[in-house]
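Each chain gets a letter, A, B and so on, in the order its sequence line appears, and its residues count up from 1. Everything numeric in this text was worked out from a predicted model, so none of it was measured.
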Protein chains: 2
Amino acid sequence: MEHRIERIKKQLHAQSYKLTPQREATVRVLLEREEDHLSAEDIYLLVKEKAPEIGLATVYRTLELLSELKIVDKINFGDGVSRYDLRKEGAAHFHHHLVCMECGTVEEIVEDLLEEVELIVEEGWGFQVKDHRLTFHGICRDCQPKQD
Amino acid sequence: MEHRIERIKKQLHAQSYKLTPQREATVRVLLEREEDHLSAEDIYLLVKEKAPEIGLATVYRTLELLSELKIVDKINFGDGVSRYDLRKEGAAHFHHHLVCMECGTVEEIVEDLLEEVELIVEEGWGFQVKDHRLTFHGICRDCQPKQD
DNA sequence: CTTATTGCAAAGCATTTGCATCGTG
DNA sequence: CACGATGCAAATGCTTTGCAATAAG
């Protein structure tokens with residue numbers, strides 16, 4: 001955890017950005033809740049517990065900054081809200097998501113799974129793939145018994 | 001084209017919705033611009049050419065209705081705007097998109113390509129896949145020579 | 001005829017921005 | 001100490017809603 005904060009601090013400094021207490025608090029929340037897919041508002045409320053003076057605008061600005069540096073990815077599951085997801089360490093690609101249509105839970109898939117599909121797209125469409133977004137909508141394991 | 005309008009009319013009636021002139025004009029715009037990925041505002045302006053009295057709210061309401069009936073899909077490429085995309089006739093799944101990071105063009109992929117990945121997800125994660133969203137971000141064929 | 005649908009304007013949200021102030025490097 | 005970063009409040013922009021008027025089946 002401290003190790004990852006250090007890393008991020010270096011990434012910021014490399015672009016001559018500062019790691020302010022507000023930014024650090026925000027990053028800590030993201031690290032602690034890595035499994036979740038928090039909205040800016042969610043993050044704001046959690047950061048406020050550590051640093052009560054923080055403003056929502058700062059959280060937005062920090063998240064935008066972290067997005068630029070590819071430390072977090074901004075995703076959108078179709079409700080009107082953006083969610084922010086920490087990149088896995090050393091991950092070349094963004095990971096995938098399983099959204100349950102029943103209970104709303106979001107599961108993550110870290111495995112690539114798309115290598116072959118990307119090859120097909122590069123060769124068949126002449127499109128040079130840089131990144132991807134893949135989300136499956138369906139029924140998660142826990143909700144399936146409830147289905148008849 | 002008329003055939004597809006008829007089909008949609010039937011789908012509406014099946015749920016006891018009416019095919020008003022405003023709704024028909026909206027559907028016609030979607031059919032005419034099937035390749036594009038129009039925002040509600042875009043659609044509104046185009047519908048206005050056919051039916052100048054229409055209100056933006058009606059366009060939103062119509063698009064929401066068509067979404068419910070799975071006639072269109074609502075997508076979001078990360079700018080703050082929702083875009084609306086007509087489902088291909090008889091397509092079991094939503095089609096994929098290639099978004100060019102250079103020129104912003106959006107290309108469509110009608111081929112499934114995910115059959116195998118979905119199998120892996122169903123078996124490995126116990127997740128019953130109902131639908132998917134797949135978007136690749138990268139450089140399209142036309143923009144590649146312009147690179148470096 | 002009845003009830004869904006419309007248009008307009010106002011309201012609602014998530015996100016962004018202006019600006020004076022503050023604090024990091 | 002300079003300049004980037006912050007907090008607040010106001011502004012923005014997309015989308016939704018309330019309501020009286022209208023029209024489809």
Between [N] ([atom2]) and [X] ([atom1]): distance, integer Å:
X: A:Tyr17; N: C:dG23; atom1: OH; atom2: C1'; value: 19 Å
X: A:Glu64; N: D:dG4; atom1: CD; atom2: C1'; value: 15 Å
X: A:Leu12; N: C:dG25; atom1: CG; atom2: P; value: 10 Å
X: B:Leu56; N: D:dT17; atom1: CG; atom2: P; value: 14 Å
X: B:Leu65; N: D:dT16; atom1: CG; atom2: P; value: 13 Å
X: B:Asp79; N: C:dA14; atom1: CG; atom2: P; value: 18 Å
X: B:Ile54; N: C:dC8; atom1: CD1; atom2: P; value: 10 Å
X: B:Glu24; N: C:dT5; atom1: CD; atom2: P; value: 15 Å

Looking only at the side chain of [X] (C-beta and beyond, no hydrogens), which of the listed nucleotides [options] gets closest?
X: A:Glu53; options: D:dT17, C:dT15, D:dG7; result: D:dG7
X: B:Ala57; options: C:dC8, D:dG7, D:dG25; result: C:dC8
X: B:Thr58; options: C:dT5, C:dT6, D:dG7; result: C:dT6
X: A:Val81; options: D:dT15, C:dA14, D:dA5; result: C:dA14
X: A:Ser82; options: C:dT15, D:dG18, D:dA5; result: C:dT15

Legend entry - Ring center gap for B:Tyr84 and B:His37 short of 6.0 angstrom: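 That pair fails the under 6.0 Å test.
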For a quick check of understanding: with a heavy-atom distance under 4.0 Å over all strands, which category does [X] fall into, base, sugar-phosphate or nothing?
X: B:Ser39; answer: nothing
X: A:Glu41; answer: nothing
X: A:Arg23; answer: sugar-phosphate

Inset, instruction - Assign each of B:Ala40 and A:Thr62 to its nearest nucleotide of DNA chain D by heavy atoms, then name whichever residue's nucleotide is nearer the 5' end. - result: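 On the 5' side of the pair lies A:Thr62.
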Legend entry - Earlier contact from the 5' end, DNA chain D, for A:Lys48 and B:Gly80: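 Upstream on the strand: A:Lys48.
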Inset, instruction - Please determine, by modelled atom types, if A:His132 and A:Glu118 share a side-chain donor-acceptor pair under 3.5 angstrom. - result: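 A:Glu118 and A:His132 do have a side-chain donor-acceptor pair below 3.5 Å.
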Inset, instruction - For A:His96 and A:Glu111, test the side chains for any donor-to-acceptor distance below 3.5 angstrom and give the result as yes or no. - result: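 Judged by distance alone, the side chains do not pair up.
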Phosphate-side-chain proximity, [X] and [N], N/O vs OP1/OP2 below 4.0 Å:
X: B:Gln22; N: C:dG7; value: yes
X: B:Ser16; N: D:dG25; value: no
X: A:Tyr60; N: C:dT15; value: yes
X: B:Thr20; N: C:dT6; value: yes

Inset, instruction - Kindly indicate, with the supporting measurements, whether the criterion side chain to side chain donor-acceptor pair (under 3.5 Å) is fulfilled by B:Asp73 and B:His95. - result: CA-CA 10 Å; B:Asp73 284 293; B:His95 53 269; 5.9 Å; no
Inset, instruction - Report the distance from atom CG of B:Leu86 to atom CD of B:Glu35, rounding to the nearest 0.5 Å. - result: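 If I round to the nearest 0.5 Å, the distance is 10.0 Å.
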Legend entry - NZ/B:Lys70: more than 12 non-hydrogen atoms of other groups inside 6.0 Å: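 Not buried by this count: 12 neighbours or fewer within 6.0 Å.
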Inset, instruction - Establish whether the base of C:dG7 is bridged to the side chain of B:Arg61 by a donor-acceptor pair shorter than 3.5 Å. - result: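 It does, because a donor-acceptor pair links the side chain of B:Arg61 to the base of C:dG7 below 3.5 Å.
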